[in-house]
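What follows is a short report on a single structure.
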Amino acid sequence: MRIVIVGEDAGRAGEFEESLSYFDLGWDVQWLAEPDAALSSGEPVDVFICGLRLGAVPGPVLLSQVAALHPQAVRVLLLDPDEDSGSMQGLDCAHRLLSRPLDAGELIEAVDSVAELRNVLVSEELKQAVGRVGSLPPPPRLYLELSRLLRDPDASNAAIAQMLSQDPAIVAKVLRLCNSAYFSGGREITDIRAAVTRLGHQQLLRLVLASEAFGPNQLAGKEREAIQDRALRTSRLARRLLAGPSAELAATAGLLAEVGKLLPGVSDGSEGSTGPHYAEAGAYLLGLWGLPMPIVEGVAFQHRPGRLKASGFWVAGAVHVASSLVAGAPVDEGYLRGVNVLDRLPQWRDLVEPSAAQAA
């Protein structure tokens, strides 16, 4: 396996390769100072690693170029400990986010996790089930457009409000949710620009995504309202279980945990139900929509986070806990014990919000 690391301290190469040698993987690791050298070589790349900022070429831009040249490569974005919202711009093109300094064990777990996800999502049963669906739910157009706009650090709330105003139905939904018990700050919001200010960009993105993904064309009224209610509660709880950029990943993955139920012929997980599980089917759909890999991974492994190779508590674990607690389902305490967070479960239970019906 060929590993390319760009823009990191080459002085750590010997130390890092020595750490890898303990795992006896036989990986060929190449450290490059400049992005151009990474793209000019015609050699295949299995794993590509870079930071968020690489001088004239931003890390996310470089990863996008790598995706075009080496679509099979696992793409890893490295973040400094103090990185926060700025790192979200890299999620569309990175399979995994890792912290600096790069750790050999964490890199191996990241590569194994992506490989495991690919094995899950290319199962013949899943491909055949999705192939039998006559019309897949369309990608969330406005959400994707808004995501691109928000990557611009100079994007104003006025520009965001103008984009949302393209779809009056979305505006009505966002205003209704903004004034609901979930988000209300006491003063009624009557215009979309004020809603943008109250909610913040990431929260607004998730509300737009929920409105498009669980729209009236996808589900019947009561079922849609029940799923959307669980989705919002799961999203808000999942966000509180992690920190930094990971919190936003968990919030979006939690919001989409049940999106697979939009597809006919999937299993709901109950005894006797047939077809691929809605979690895996939903992850497959999100992959088709082009959502970031950590979100796809969190949805795919929401019921079995222990299947991931990663040893820490990350997106899939947060979605598992949040969706289980919101649904009143058992939490995998063995998994939580294995990742050393079981003692936090009582505190997390206290964070569960009542349903919209209970709050009314």
| task | Output, in order, the C-alpha distance, side-chain angles, deciding distance and verdict of side-chain contact (heavy atoms from CB on, under 4.5 Å) for V47 and V4. | result | CA-CA 6 Å; V47 181; V4 174; over 6 Å; no
| query | With a 4.5 Å limit on heavy-atom distance, are the side chains of I108 and L20 in contact? | reply | yes
| task | Taking all heavy atoms of R240 and all of R236, pick out the closest pair and write down the distance. | result | CG-O, 3.2 Å
| field | Verdict with reasoning, F313 to L241, per side-chain contact (heavy atoms from CB on, under 4.5 Å) | value | CA-CA 9 Å; F313 182 76; L241 305 188; 4.3 Å; yes
| Is a side-chain donor or acceptor of T234 paired with a backbone partner of R230 at a separation under 3.5 angstrom? | yes
| task | Give a yes or no on whether the backbone of W27 and the side-chain of R2 come within a donor-acceptor separation of less than 3.5 Å. | result | no
| query | Are any non-hydrogen side-chain atoms of L98 and L77 less than 4.5 angstrom apart? | reply | no
| query | Which value, rounded to the nearest 0.5 Å, describes the distance between S99 atom OG and L79 atom CG? | reply | 6.5 Å
| message | Please check: side-chain N/O of S21 versus main-chain N/O of E18, any donor-acceptor pairing under 3.5 Å? | response | yes
| About how many Å separate CD1 of I192 and CG of L164, when rounded to the nearest 0.5 Å? | 5.0 Å
| query | Which heavy atom in S165 sits nearest to a heavy atom in V171, and how many Å separate them? | reply | CA-CG2, 3.9 Å
| field | Exercise: identify the closest heavy-atom pair between E212 and Y143 | value | OE1-N, 2.8 Å
| Non-hydrogen side-chain atoms of R239 and Q202 separated by less than 4.5 Å | no
| remark: Per side chain to side chain contact (heavy atoms under 4.5 Å, CB included), C50 is matched among L32, I5, L62 by L62
| Of all residues at least two apart in sequence or in a different chain, which pass the side-chain hydrogen bond (donor to acceptor under 3.5 Å, both in side chains) check with E145? | R141
| field | Test side chain to side chain contact (heavy atoms under 4.5 Å, CB included) applied to T252 and V315, V319, L209, the passing residue | value | L209
| request: Would you indicate whether the side-chain heavy atoms of L102 and I49 approach each other to under 4.5 Å? | output: yes
| query | What are the two closest heavy atoms between H320 and D332, and how far apart are they? | reply | NE2-N, 3.0 Å
| field | Rounded distance [0.5 Å steps], OG in S235 versus CG in L256 | value | 8.5 Å
| Can you check whether D103 reaches F16 side chain to side chain, under 4.5 Å on heavy atoms? | no
| query | Counting only N and O atoms by type, is there a donor-acceptor contact under 3.5 Å from the side chain of S324 to the main-chain atoms of V331? | reply | no
| What is the minimum heavy-atom distance between F48 and L63, and which atoms define it? | CD2-CD2, 3.7 Å
| task | Measure across L142 and Q166 and return the closest heavy-atom pair with its distance rounded to 0.1 Å. | result | CD1-OE1, 4.4 Å
| query | Any side-chain heavy-atom pair from T190 and L175 closer than 4.5 angstrom? | reply | no
| note | So CG of L255 and CG of L207: to nearest 0.5 Å the spacing works out to 8.0 Å
| What residue among V208, L149, L150 forms side chain to side chain contact (heavy atoms under 4.5 Å, CB included) with M163? | L149
| Main-chain N/O of E353 paired with R233 side-chain donor or acceptor, under 3.5 Å | yes
| message | What's the separation between atom CG in L107 and atom CG in D112, rounded to the nearest 0.5 Å? | response | 9.5 Å
| said: Could you check whether any side-chain N or O of H70 sits under 3.5 Å from a backbone N or O of D46, counting only pairs where one atom can act as donor and the other as acceptor? | reply: no
| So, do D343 and L345 sit near enough that their side-chain heavy atoms are less than 4.5 Å apart? | no
Identify each donor-acceptor pair in which a side-chain atom of residues 293-304 lies under 3.5 Å from a protein atom, sequence neighbours left out, and give them as a table.
from, atom 1, to, atom 2, distance (Å)
Q302, NE2, A257, O, 2.8
Q302, NE2, V299, O, 3.0
H303, NE2, Y278, OH, 3.1
R304, NH2, E280, OE2, 2.6

| field | CG-CH2 distance between L336 and W348, expressed to the nearest 0.5 angstrom | value | 6.0 Å
